[in-house]
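The next block holds one structure in the form of structure tokens; read it before the comments.
As the structure is a computational prediction, the values presented were derived from the model and not from experiment.
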Amino acid sequence: MPVPGGGQRGGSRRWPGVRAWLPVLRWLPRYSAAWLQLDAVAGLSVGLAAVPQALAYAEVAGLPPQYGLYSSFMGCFVYCFLGTAKDVTLGPTAIMSLLVSSYAFHEPAYAVLLAFLSGCIQLAMGFLRLGFLLDFVSCPVIKGFTSAASVTISFNQIKNILGLQGIPRQFFLQVYEILRRIGETRAGDAVLGLACLAALAGLQVMKSHLPRVAHVEPLAARVSYLIVWTSTTARNALVVLFAGLVAYSFQVMGFQPLTLTGSIPQGLPAFRLPPFSVAAPNGTVPFWSMVEDMGVGLAVVPLMGLLETVAIAKAFASQNGYRIDPNQELLAMGFANVLGSFVSAYPITGSFGRTAVNAQSGVCTPAGGLITGALVLLSLAYLTSLFYYIPKAALAAVIISAVVPMFDVGIFRTLWRVKRLDLVPLCVTFLLCFWEVQYGIVAGVLVSGVLLLYSIARPPVKVSQGDVLLVQPGSSLHFPAMECLRDAVCSHALAASLPRSVILDCCHVSSIDYTVVVGLAELLQELRKHGLSLAFCSLQDPVLQVLLSADLEGFQHFLSREEAERCRGAEPGDGGAAPYTSTSESSLLPTGLIQ
């Protein structure tokens, strides 16, 4: 079957240049009424999950609750036209809200400007085709960050479950203060919060065990399935609605044991430029000072936003049989954040939970996002007065149930079994993220980079003893690896009681650089001083062309290892198959090294 919203399949062949920038033109000409029905159901399902999550994630970001709603609709509209994955839905997420909390200092002006600047950076990366930079963030770093974020965000909501006020946002201070003030717990908040957590967990389990109903089943069975599926899919909205009704009932009785969300401004946000300065008690903070205050966040936020979106898009694209374009995803994210900043949104990214709801609802194209965005707008226009009665403990339960699955316990066990060295960047990222998020991410990337460079500088070198020493590098040779190779050759060829000539088997070497060529020239001369030869075999064409162009003195090359072993690394006149040789002095070596 064709994939309706698949990024790289099908569609009209007209206007190839425009279609490259507007993926909507790939599926819109084929749009059908059947797709509209499925997209509408998916959009409504995602919208019912998006509204309560938006209010909850604004709390994680340290912003007033309306900013969560302001951030929830523009991405849906933009991604419909520019996105390459039919399943992905953009909006506020737990991880992005945590980053905004760290870099926007709980100031809406900083959060909106951060969205604008992050979008500009993502647009620049997209136009420059820099999506490949994501490949340098390793899986252990991502897992370490998301696992730490799961713990940090969950613990940040404990204060709302317990009804405690004035708890600091720094993780270790939170732990200390909550334990110190545990006796101040409000019973109403604690009971309601735990009840909401239990209800959400039960509905999640029910959904995971819900059997599929075929079209041939009786109508009653299909209707029952639809009711249960809708209830479990919209579980966040149902739990928040139930909690709001409980709070309203107490309010009517003149007694309120719950901490409520409070008043939320009604109406749509004004469409205006993001703030390029902000008023402060001692004057106005100019644009450049705001940028300086956000610091490394201007790199971390756009990169992590894109990373989260592309990872989600790739997962669902693989599951549903289509491909995505990371560079086009950059453009979609960039436009969504830039335009979102004009309606007071903070940075957004792809949401795994809402994307899963979208896919499970049978969405056919990104048009489902239009329904989701419209539902958020309707909530802003008409329902904000009802949000007053939503207990903070219920929103905290929604957040905790969303982020707990992000903690991947199995990754530690898997890496211990598969490759223990990868536990280093995982643990460094995980632990430092409890101190500061940016330190954990940067440190994890740096540690991964060091491990990568170490593997390049110390490639595996297999040495086989015999009449002739056979040396086989296990990967390509780049300048940091030359000393390692030279030490391996000299330690076995010269340090032994009986010096031996050397055959360098380059079957795994696909590229070398200038420094390696210079090092090989020096190695040839060093072995010649001791009356030994160095022969090459199984050179791949690119490497052979480089060495021939270098015109190394005494260069010998055999087509295969067997041929080289028969000649035993000897000079051509000693019998056997004649290798290619060069007798001119190498122009690569300094004059003092040429003998």
Side-chain angles (χ1 to χ4, degrees), residues 44-73 91-92 97 156-167 184-204 206 227-228 230-269 354 372 374-402:
L44 287 171
S45 300
V46 174
L48 290 173
V51 171
Q53 281 191 342
L55 298 171
Y57 290 148
E59 159 70 22
V60 177
L63 301 173
Q66 66 267 24
Y67 283 89
L69 294 171
Y70 295 164
S71 306
S72 297
F73 62 87
S97 299
N156 180 259
Q157 296 305 309
I158 295 295
K159 65 180 188 294
N160 290 327
I161 293 287
L162 301 179
L164 300 178
Q165 304 290 329
I167 301 295
E184 302 174 21
T185 298
R186 290 170 58 103
D189 286 322
V191 171
L192 181 68
L194 293 175
C196 290
L197 277 174
L200 289 168
L203 290 170
Q204 174 63 38
M206 185 186 300
I227 293 173
V228 175
T230 303
S231 301
T232 54
T233 300
R235 58 187 177 276
N236 290 335
L238 287 178
V239 167
V240 168
L241 177 62
F242 171 77
L245 290 175
V246 171
Y248 180 75
S249 300
F250 281 120
Q251 191 83 1
V252 169
M253 291 186 294
F255 170 67
Q256 189 53 265
L258 305 172
T259 304
L260 304 183
T261 297
S263 299
I264 297 177
Q266 186 165 343
L268 304 181
R354 295 193 296 275
T372 300
L375 189 59
V376 175
L377 289 177
L378 288 173
S379 299
L380 273 167
Y382 301 110
L383 301 179
T384 50
S385 59
L386 301 179
F387 295 158
Y388 176 92
Y389 297 100
I390 297 177
K392 287 190 174 182
L395 294 179
V398 169
I399 295 173
I400 292 173
S401 66

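The CG atom of Leu192 sits 10.0 Å away from atom OG1 of Thr259, with the distance rounded to the nearest 0.5 Å. Taken from CG in Leu69 to OG in Ser71, the straight-line distance is 8.5 Å, to the nearest 0.5 Å. Taking CG of Leu268 as the reference point, atom CD of Gln66 lies at 13.0 Å (rounded to 0.5 Å). Note: Tyr67 OH to Leu55 CG = 14.5 Å, rounded to the nearest 0.5 Å. For the atom pair Tyr388 OH and Gln266 CD, the distance stands at 15.0 Å (nearest 0.5 Å).
Across all non-hydrogen atoms, the minimal contact from Thr372 to Ala50 is CG2-CB, 4.4 Å. Minimum heavy-atom separation, Ala394 to Ala243: CB-CB, 3.6 Å. Shortest non-hydrogen contact noted between Ala56 and Ile399 is O-CD1, 3.0 Å. Between Ala247 and Leu260, the closest heavy-atom pair is CB-CD2, 3.7 Å. When every heavy atom of Leu375 is checked against every heavy atom of Leu44, the shortest pair comes out as CD2-O, 4.0 Å. A pairwise comparison of heavy atoms in Gly193 and Ala397 identifies O-CB, 3.9 Å as the closest pair.
Applying the side chain to side chain donor-acceptor pair (under 3.5 Å) test to residues at least two apart or on different chains, the pairs with a partner in residues 236-257 are Gln251-Gln256.
A heavy-atom distance below 4.5 Å is not found between the side chains of Leu383 and Leu378.
The side-chain contact (heavy atoms from CB on, under 4.5 Å) check on Pro269 picks up Tyr70, Phe73, Val343, Leu380, with sequence neighbours excluded. For the salt bridge (Lys or Arg N to Asp or Glu O under 4.0 Å) test, residues two or more places apart in sequence or in another chain that qualify with Lys159 are Glu59. By the side-chain contact (heavy atoms from CB on, under 4.5 Å) test, Val228 is found to be paired with Met206, Leu210, Thr232, residues two or more places apart in sequence or in another chain being considered. Partners of Ala396 by side-chain contact (heavy atoms from CB on, under 4.5 Å), not counting sequence neighbours, listed by chain and number: Gln157, Asn160, Ile161. For the side-chain contact (heavy atoms from CB on, under 4.5 Å) test, residues two or more places apart in sequence or in another chain that qualify with Ser231 are Ile227, Leu238.
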(request) Before giving the answer on side chain to side chain contact (heavy atoms under 4.5 Å, CB included), spell out for Phe387 and Ser379 the whole-Å C-alpha distance, their side-chain angles and the decisive distance to 0.1 Å. (result) CA-CA 9 Å; Phe387 295 158; Ser379 299; 4.1 Å; yes
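For Thr261 (side chain) and Ile390 (main-chain N/O), a donor-acceptor pair under 3.5 Å exists by modelled atom type.
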